[in-house]
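Numbers restart at 1 for each chain; the letters A, B, ... are given by sequence-line order, proteins then strands.
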Amino acid sequence: MLRLYNTLTRTKETFVPMDPSRVRMYVCGMTVYDYCHIGHARVMVVFDVVQRWLRASGYQLTYVRNITDIDDKIIKRAVENGESMSALTERFIGFMDEDAAALGVQKPDFEPRATGYIDDMHAMIAKLEAHGLAYKAKDGDVNFSVRRFPGYGKLSGKSLDDLRAGERVQVDDAKQDPLDFVLWKCAKHGEPFWPSPWGNGRPGWHIECSAMGTKLLGERFDIHGGGMDLQFPHHENEIAQSEGAMSEGAMSEGAVGAAPGGEKRFVNYWMHNGFVRVDEEKMSKSLGNFFTIRDVLKRYDPEVVRLFVIRAHYRSPLNYSDHHLDDARSSLARLYTALKGVPLEVGAPDWNEAHAKRFREVMDDDFNTPEAVAVLFDLANEFNRSKDEALGRQLRALAGVLGLLGRDSMAFLQAVPAEVGGDAGAGETYTPEAIQSLIKSRAAAKKGRDFKEADRIRDELAKAGIVLEDSPAGTTWRRA
RNA sequence: GGCGCGGUAGCAAAGCGGUUAUGCAGAGGCCUGCAAAGCCUUUUAGGGCGGUUCGACUCCGCCCCGCGCCUCCA
């Protein structure tokens, strides 16, 4: 029985999908005008784990992660680069896909792009207008009227009065209320635009997600995810739009998915992942303290980055540093070392086995991946001790549920960081063949009890970061 | 100012009202020609002050500190 923390109620709740066997989930994805950074890596990995666990739990899942391919920053960047918007977004979508694949993130079922859903946005804005929740301001923008939507603030726990009291809300004459937000921006000079019933223009950011989610998953769905920072205003506004536009039929009393009292409810469970920080500060574009995924992958194996994310709870802050990545690497090496000789294809976990039961329990407890990883280490320890092959297979199978330990042990332990190995292999002084040959020489020296020579060879390789390990079965090597 | 989250050993990070978290690092031992890996043992905890309790890291209150949102942001 899965329980998950719902931002809407600020408690852990038992997960009950609207449809007993089917789950529908939407996650806010990236705005594609630049490379993804480690913060983006976290969202992708976190919800990839959620997605995998829901499927492993037997649910038939429809998972949508959108792509924002039209907004101010994209327009600005395209102009700066002197290229078309689509050339820019197409390129960075490609990079994002590469990054995601490297991190073991499976493709969502749908990756809608905002520009493909303009008609659906129009339809939703029209409904909002018909319901008296949208108005065209004198500057030509179509705005959402927050004061006419009673539930505004229910997700973020903010009241309109509190928000208005804040000093930072811009005063804007065109808006009936300073907190009203734009649904449709009327076209500015030289900017891309689409025709609409309200004139030429482009969509506001919030309506994009409401339209795409509703179009692909229906007027209501089970889970909506994203980063903590999206809670307000983005998700709050999505609720206002989607619930405001909802048809009468969808509000029927007692319907599954409706809140107590027959209140219509767009999404039942809101999940928000914590931030990646650098020196205790949020990693973000605006602070400029971000590391792109591809830069990090030059020095660290992608699976190390994945473990780094997974070994923290998804709602906790996660501090990024080389030291922490080194630490994650050592941990992963321990697991892969234990897995030497265990076949790659091990099938599904044996869910009746003790570790698997514990694994299931902690994953069902709001995706407690740190505890699930601890189960993996316990399993590795018992496997090392007992050499019971079933435990080794179980270790690989359970890790596989998290998208971990899917490779051959030696492939991981001997892998060269991209920056060193790279395309040209620059900086790499010993080829695997050369290492094998040295191992052979050393074996001969050992046989002749020439330990001095044997140790000399071992030290030589050690200086190059190559560690030799003797065992009854022979000598193997790995990178330090 | 408003709303919210958190402070656990050298580092990272969980559960739990009383019983070993886990990983990395450190110490001792076993194994080894010596190592490495592995195994065994082991040192470092719970911001501060009160309260509840037979008993609190775990519940409650206050204080201190850090972080996030309130504006684009995963």
Side-chain angles (χ1 to χ4, degrees), chain A residues 7 10 27-31 36-47 65 68 71-73 153 156-159 161-170 179 181 205 225-234 236 272-277 280-287 290 307-308 311-313 315-319 321 323-335 337-338 340 358 361-362 365 368-378 380-387 413 446 449-452 454-455 458-459 462 467-472 475-478 480:
Chain A
T7 309
R10 315 247 171 211
V27 172
C28 285
M30 264 56 76
T31 300
C36 292
H37 58 62
I38 296 297
H40 299 121
R42 189 176 193 189
V43 205
M44 291 199 278
V45 170
V46 160
F47 286 100
R65 191 187 63 213
T68 296
D71 92 333
D72 291 354
K73 285 177 178 164
S156 53
K158 297 172 192 303
S159 74
D161 289 339
D162 291 344
L163 286 162
R164 289 198 191 96
E167 300 290 313
R168 301 160 81 178
V169 177
Q170 294 280 333
L179 291 160
F181 56 90
W205 176 41
M228 296 273 305
D229 51 350
L230 263 29
Q231 243 171 76
F232 189 91
H234 187 234
E236 194 68 65
H272 296 277
N273 67 276
F275 289 123
V276 175
R277 298 187 196 165
E280 306 299 328
E281 264 191 334
K282 175 182 172 180
M283 178 187 289
S284 72
K285 291 277 175 64
S286 31
L287 287 169
F290 62 92
L307 178 64
F308 168 69
R311 69 178 188 162
H313 186 86
R315 285 191 279 117
S316 304
L318 178 60
N319 271 309
S321 76
H323 176 251
H324 296 154
L325 249 26
D326 288 339
D327 190 273
R329 204 206 95 97
S330 301
S331 300
L332 192 56
R334 173 174 166 82
L335 259 14
T337 301
K340 278 184 187 175
R358 207 178 122 213
E361 232 168 73
V362 300
D365 182 15
N368 191 342
T369 54
E371 196 67 44
V373 170
V375 172
L376 260 29
F377 281 104
D378 286 347
N381 180 264
E382 282 183 41
F383 175 49
N384 282 333
R385 207 166 30 193
S386 69
K387 288 290 152 209
L413 294 168
K446 273 174 62 171
R449 303 201 65 80
D450 183 357
F451 295 122
K452 215 172 157 186
D455 290 351
R458 191 169 62 195
D459 291 346
V467 181
L468 297 188
E469 295 180 342
D470 296 337
S471 81
T475 300
T476 57
W477 65 276
R478 66 178 169 88

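Along RNA chain B, the nucleotide nearest to N368(A) and the one nearest to F451(A) differ in position, and the one closer to the 5' end is contacted by N368(A). The residue among E382(A) and F377(A) whose nearest nucleotide of RNA chain B lies closer to the 5′ end is F377(A).
Neither OP1 nor OP2 of rU22(B) sits under 4.0 Å from any side-chain N or O of S331(A). Phosphate contact (OP1/OP2 of rG23(B), side-chain N/O of R334(A), threshold under 4.0 Å): present. K282(A) has a side-chain polar atom (N or O) that falls below the 4.0 Å cut-off from OP1 or OP2 of rC69(B). Proximity of T369(A) to the phosphate of rA13(B): no side-chain N or O atom is located under 4.0 Å from OP1 or OP2. Side-chain nitrogen and oxygen atoms of R385(A) include at least one within less than 4.0 Å of the OP1 or OP2 phosphate oxygen of rC40(B). Not one side-chain nitrogen or oxygen of N381(A) sits closer than 4.0 Å to the OP1 or OP2 atom of rG23(B).
Pairing of rG38(B), defined by two Watson-Crick or G-U wobble distances under 3.5 Å, is identified with rC30(B). A 3.5 Å limit on both hydrogen-bonding distances identifies no Watson-Crick or G-U partner for rA9(B). Taking a pair to require two hydrogen-bonding distances under 3.5 Å in either a Watson-Crick or a G-U wobble arrangement, rC49(B) pairs with rG61(B). Using the Watson-Crick or G-U wobble rule with both distances under 3.5 Å, rC69(B) pairs with rG2(B). Figure legend. rU19(B) is base-paired to no nucleotide; pairs are counted as Watson-Crick or G-U wobble with both atom distances under 3.5 Å.
Computed from coordinates, the H323(A) NE2 to rA13(B) C1' distance equals 13 Å when rounded to whole Å. When rounded to the nearest whole Å, the span between CG of N319(A) and P of rG6(B) equals 16 Å. Distance, L179(A) CG to rC3(B) C1': 14 Å, rounded to whole Å. Between the CG atom of D229(A) and the C1' atom of rC5(B) there is a distance of 14 Å, rounded to whole Å.
When the C1' atom is compared between rG15(B) and rU58(B), the two are found 10 Å apart, to the nearest whole Å. Taking atom C1' in both rU44(B) and rG38(B), one finds a spacing of 24 Å when rounded to whole Å. Separation of the C1' atoms belonging to rA9(B) and rC69(B) is 32 Å when rounded to the nearest angstrom. Remark: the separation of the P atoms in rA14(B) and rU22(B) is 15 Å, to the nearest Å. Across rU41(B) and rU52(B), the matching P atoms stand 40 Å from one another, rounded to whole Å. rA27(B) and rA36(B): their P atoms are spaced 11 Å apart (whole Å). rA35(B) and rG6(B) have their P atoms separated by 48 Å, given to the nearest Å. The gap from the C1' atom of rG51(B) to that of rC70(B) amounts to 35 Å, rounded to the nearest Å.
With hydrogens and angles left out, the side chain of K73(A) and the base of rC72(B) share a donor-acceptor pair within 3.5 Å. Under 3.5 Å, the side chain of D161(A) and the base of rG2(B) form no donor-acceptor pair of N or O atoms.
Among the atoms of the strands shown, base atoms are found under 4.0 Å from some heavy atom of M283(A). When heavy atoms are screened at a 4.0 angstrom cut-off, H234(A) is found touching no nucleic acid atom at all. Nucleic acid contact class of L468(A) (heavy atoms, under 4.0 Å, all strands): base. D326(A) comes within 4.0 angstrom of nothing in the nucleic acid, heavy atoms only. Note on N384(A): only backbone sugar-phosphate atoms sit closer than 4.0 angstrom, heavy atoms only; bases stay farther off. Among the atoms of the strands shown, none is found under 4.0 Å from any heavy atom of R329(A). As judged by a 4.0 angstrom heavy-atom cut-off over every strand, V276(A) is placed among the base-contacting residues. Among the atoms of the strands shown, base atoms are found under 4.0 Å from some heavy atom of E371(A). Among the heavy atoms of the strands lying under 4.0 Å from S316(A) are primed sugar atoms or P, OP1, OP2 only; no base atom is included. Among the atoms of the strands shown, none is found under 4.0 Å from any heavy atom of H272(A). Contact annotation for G274(A): base contact, defined as any heavy-atom pair under 4.0 Å involving a base atom. Note on S159(A): nothing from the nucleic acid sits closer than 4.0 angstrom, heavy atoms only. Residue contacts shown for G39(A) include a base, since a base heavy atom lies under 4.0 Å away. Base engagement by K158(A) is indicated by at least one non-hydrogen atom pair under 4.0 Å involving a base atom.
Taken to the nearest 0.5 Å, the CG atom of N368(A) stands 6.5 Å off from the NE2 atom of H313(A). In this structure, the separation between CG on D450(A) and CG on D455(A) is 9.0 Å, given to the nearest 0.5 Å. Rounding to the nearest 0.5 Å gives a distance of 7.0 Å between CG of L325(A) and CD1 of I38(A). Here the CZ atom belonging to F451(A) is positioned 7.5 Å from the NZ atom belonging to K446(A), to the nearest 0.5 angstrom. With values rounded to the nearest 0.5 angstrom, K340(A) atom NZ is found 4.5 Å from E469(A) atom CD. Separating the CG atom in N273(A) from the CG atom in D229(A) is a distance of 8.5 Å, to the nearest 0.5 Å.
Distances from the side chain of P233(A) to the nucleotides rC70(B), rA74(B), rC11(B) place rC70(B) closest. Nearest nucleotide to the side chain of R478(A), out of rA37(B), rG68(B), rA74(B): rA37(B). You'll find that the side chain of S330(A) is closest to rC24(B), out of rC72(B), rC24(B), rG33(B). Side-chain proximity of A374(A) to rC72(B), rU22(B), rC34(B): nearest is rU22(B). Candidate nucleotides rG33(B), rA36(B), rG23(B) were compared by shortest atom distance to the side chain of R458(A), and rG33(B) ranks first. The N273(A) side chain lies nearest to rA74(B) when the options are rC72(B), rG4(B), rA74(B). With rA74(B), rC40(B), rA37(B) as the candidates, the nucleotide lying closest to the side chain of H40(A) is rA74(B). Checking rG33(B), rA13(B), rG23(B) against the side-chain heavy atoms of A454(A) singles out rG33(B) as nearest. Closest contact between the side chain of R311(A) and the listed nucleotides rG4(B), rA14(B), rA12(B) involves rA12(B). Distances were taken from every side-chain heavy atom of T31(A) (C-beta onward) to each of rG33(B), rA74(B), rA13(B); the shortest belongs to rA74(B).
One finds no salt bridge joining R358(A) and E361(A) here, because no Lys/Arg side-chain nitrogen approaches an Asp/Glu carboxylate oxygen to under 4.0 Å.
Here the side chains of F290(A) and K285(A) are in contact, with some heavy-atom distance below 4.5 Å.
F308(A) and H324(A) have parallel rings, their planes meeting at less than 30° on a 0 to 90° scale where 60° marks the start of perpendicular.
Within 6.0 Å of the CZ atom in R10(A), the count of heavy atoms belonging to other residues, nucleotides or ligands exceeds 12.
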